[in-house]
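FYI, the numbering just counts along the sequence from 1.
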Amino acid sequence: MSKNSINVSIDKLCVGYDYNEFPDSGAEYHQMVELISSIKSGAVKGKYWPHKKHSLTTIRLPISAGSLVIRHGYSQKSFRTWITFNPSKMNDQSLFELGCHLNNLFHHGWSSLLSRASLNRIDVAIDFEGISYGNYFYVDSKLRKGFPAYMKKGTTYVGKKKSTREICAYDKRKELLEKKKIEIGHELLRIEARVCYPAKYRLHDIFEIQNPFDSFMVADRSLASNLNNALVKALLK
């Protein structure tokens, strides 16, 4: 790849909090229940969706940038809460708003999550400005190639969807134009690793996780097409 602007960010972060695991979290549990009741009554701004089959409720709280989604209920013989937000989309104001919401839900706000919450999912995105999605092909030595039909739409999936690790490479410029009617004026390739760590790490261990791209490879199509190799020719299809 040529030398262009490269940006690495955490696009999505999901953490889980198990109330049954901590003897002093009873008040925090009731705070969550009270929040859901307040949203239902209209006393607090937000939206909620009860699950049709499971004892889980999803709520969305307003913040100025990005999104904050909380799922709460009884799962795996324990009362739990999952909090999902988008660090890469948040600004100083929305980070402040997120902190306020966490202070209302946990004894020590952010500190409670850092010390006690599990890291359930992290989406790590790498954006390559000036790089065209179609000029490259994408493989991972430890993951199976996804459904090829998406490639015509400007997306390559590597790995099984909703598995512990999936990598998606796609035309970000095309996505922004089609979904948000935003034309950025230059090519933009995004490669995104979506990794799940069910109860394996605490949130404070986030800097110790394994590189999710360690077995992922990007190859130039024009150079690879000149190789007389059956495997490479199969990958280029």
Side-chain angles (χ1 to χ4, degrees), residues 1-14 65-69 84-91 94-95 119-197 206-237:
M1 291 186 178
S2 59
K3 293 182 179 180
N4 291 272
S5 174
I6 299 176
N7 180 57
V8 181
S9 62
I10 298 177
D11 189 57
K12 180 182 290 186
L13 194 62
C14 177
S67 65
L68 175 57
V69 178
T84 303
F85 56 99
N86 310 97
S88 66
K89 295 181 176 66
M90 301 180 79
N91 52 33
S94 55
L95 284 171
L119 178 60
N120 282 39
R121 171 173 168 167
I122 182 171
D123 292 3
V124 181
I126 307 178
D127 289 329
F128 300 89
E129 185 178 323
I131 298 297
S132 174
Y133 160 82
N135 290 344
Y136 300 88
F137 70 93
Y138 313 89
V139 294
D140 193 295
S141 61
K142 296 180 181 178
L143 298 175
R144 269 193 295 178
K145 192 174 180 181
F147 192 51
Y150 289 107
M151 293 181 64
K152 295 180 181 179
K153 299 180 179 181
T155 304
T156 296
Y157 289 100
V158 182
K160 187 177 180 182
K161 196 171 183 178
K162 295 183 179 180
S163 61
T164 55
R165 185 169 71 96
E166 177 192 33
I167 296 181
C168 176
Y170 61 98
D171 186 337
K172 186 66 177 179
R173 177 185 184 179
K174 182 174 181 286
E175 184 204 47
L176 289 171
L177 183 60
E178 292 180 350
K179 292 186 176 181
K180 297 185 178 181
K181 309 303 179 185
I182 298 174
E183 172 54 75
I184 58 176
H186 56 78
E187 298 293 341
L188 185 61
L189 167 66
R190 169 164 289 193
I191 301 177
E192 187 172 289
R194 302 163 182 174
V195 191
C196 296
Y197 303 99
I206 191 169
F207 295 108
E208 299 178 16
I209 64 175
Q210 183 179 356
N211 179 4
F213 300 101
D214 65 346
S215 55
F216 185 75
M217 293 169 285
V218 180
D220 188 304
R221 282 181 172 273
S222 60
L223 294 177
S225 62
N226 295 324
L227 298 176
N228 187 22
N229 182 286
L231 177 59
V232 171
K233 292 183 181 299
L235 290 171
L236 287 172
K237 292 182 179 180

Asker: Measuring only between side-chain heavy atoms, which start at C-beta, is Val124 closer than 4.5 Å to Phe213?
Answerer: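 Heavy-atom side-chain distance check passes, below 4.5 Å.
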Asker: For the atom pair CG (Asp171) and CD (Glu178), what is the distance rounded to the nearest 0.5 Å?
Answerer: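 Output value for this atom pair is 8.5 Å.
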Asker: What residues, two or more places apart in sequence or in another chain, satisfy salt bridge (charged side-chain N to carboxylate O under 4.0 Å, His left out) together with Glu175?
Answerer: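 Result, salt bridge (charged side-chain N to carboxylate O under 4.0 Å, His left out) vs Glu175: Lys172, Lys179.
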Asker: Is the shortest heavy-atom distance from the side chain of Glu166 to the side chain of Glu192 under 4.5 Å?
Answerer: no
Asker: Counting neighbours of NZ on Lys160 that are heavy atoms of other residues, nucleotides or ligands and sit closer than 6.0 Å, is the number greater than 12?
Answerer: no
Asker: Under a 4.5 Å cut-off applied to non-hydrogen side-chain atoms, are Glu187 and Ile131 in contact?
Answerer: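 With C-beta onward as the side chain, the pair stays apart.
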Asker: Minimum heavy-atom separation for Lys142 and Asp140, please, with both atom names.
Answerer: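 For Lys142 and Asp140, the tightest heavy-atom pair comes out as N-OD1, 2.8 Å.
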Asker: Which pair of heavy atoms, one from Gly134 and one from Arg221, lies closest together, and at what distance?
Answerer: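 For Gly134 and Arg221, the tightest heavy-atom pair comes out as O-CD, 3.2 Å.
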Asker: Could you pull out the closest heavy-atom pair between Asp11 and Asn86, with the gap in Å?
Answerer: O-ND2, 3.1 Å
Asker: Side chains of Ile206 and Ile10: does their closest heavy-atom pair fall under 4.5 Å?
Answerer: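 They are in side-chain contact.
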Asker: Could you measure the distance from the OG atom of Ser9 to the CG atom of Asp127? Nearest 0.5 Å is fine.
Answerer: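 Here the interatomic distance stands at 6.0 Å.
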Asker: What distance do Ile167 atom CD1 and Thr156 atom OG1 have between them, rounded to the nearest 0.5 Å?
Answerer: 11.5 Å
Asker: Could you grab the distance from atom CE of Met90 to atom CG of Leu68, nearest 0.5 Å is fine?
Answerer: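 Atom-to-atom, Met90:CE and Leu68:CG are 7.0 Å apart.
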Asker: Do the non-hydrogen side-chain atoms of Gln210 and Tyr197 ever get within less than 4.5 Å of each other?
Answerer: no
Asker: I'd like to check the side-chain contact (heavy atoms from CB on, under 4.5 Å) partners of Thr164; sequence neighbours left out, ordered by chain and number.
Answerer: none
Asker: What closest approach, in Å, do Lys89 and Ala65 show between heavy atoms, and which atom pair accounts for it?
Answerer: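 Shortest heavy-atom contact: O-CB, 3.4 Å.
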Asker: Within a strict 4.5 Å, meaning less than it, do heavy atoms of the Asp220 and Tyr136 side chains meet?
Answerer: yes
Asker: Any sub-3.5 Å donor-acceptor pair from Arg165's side-chain atoms to Pro212's backbone N or O?
Answerer: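 Confirmed, Arg165 side chain pairs with Pro212 backbone.
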Asker: Is any side-chain heavy atom of Asn7 less than 4.5 Å from a side-chain heavy atom of Glu129?
Answerer: no
Asker: For Arg144 and Ser163, does a side-chain donor sit closer than 3.5 Å to a side-chain acceptor?
Answerer: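 The answer is no; no qualifying pair exists.
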Asker: Any donor and acceptor pair, going by atom type alone, linking the side chain of Tyr138 with main-chain N or O of Tyr133 inside 3.5 Å?
Answerer: yes
Asker: On a heavy-atom basis, which atom in Gly130 and which in His186 lie closest, and how many Å separate them?
Answerer: N-ND1, 4.3 Å
Asker: Would you compute the distance between atom CD1 of Ile122 and atom SG of Cys14 and round it to the nearest 0.5 angstrom?
Answerer: 11.0 Å
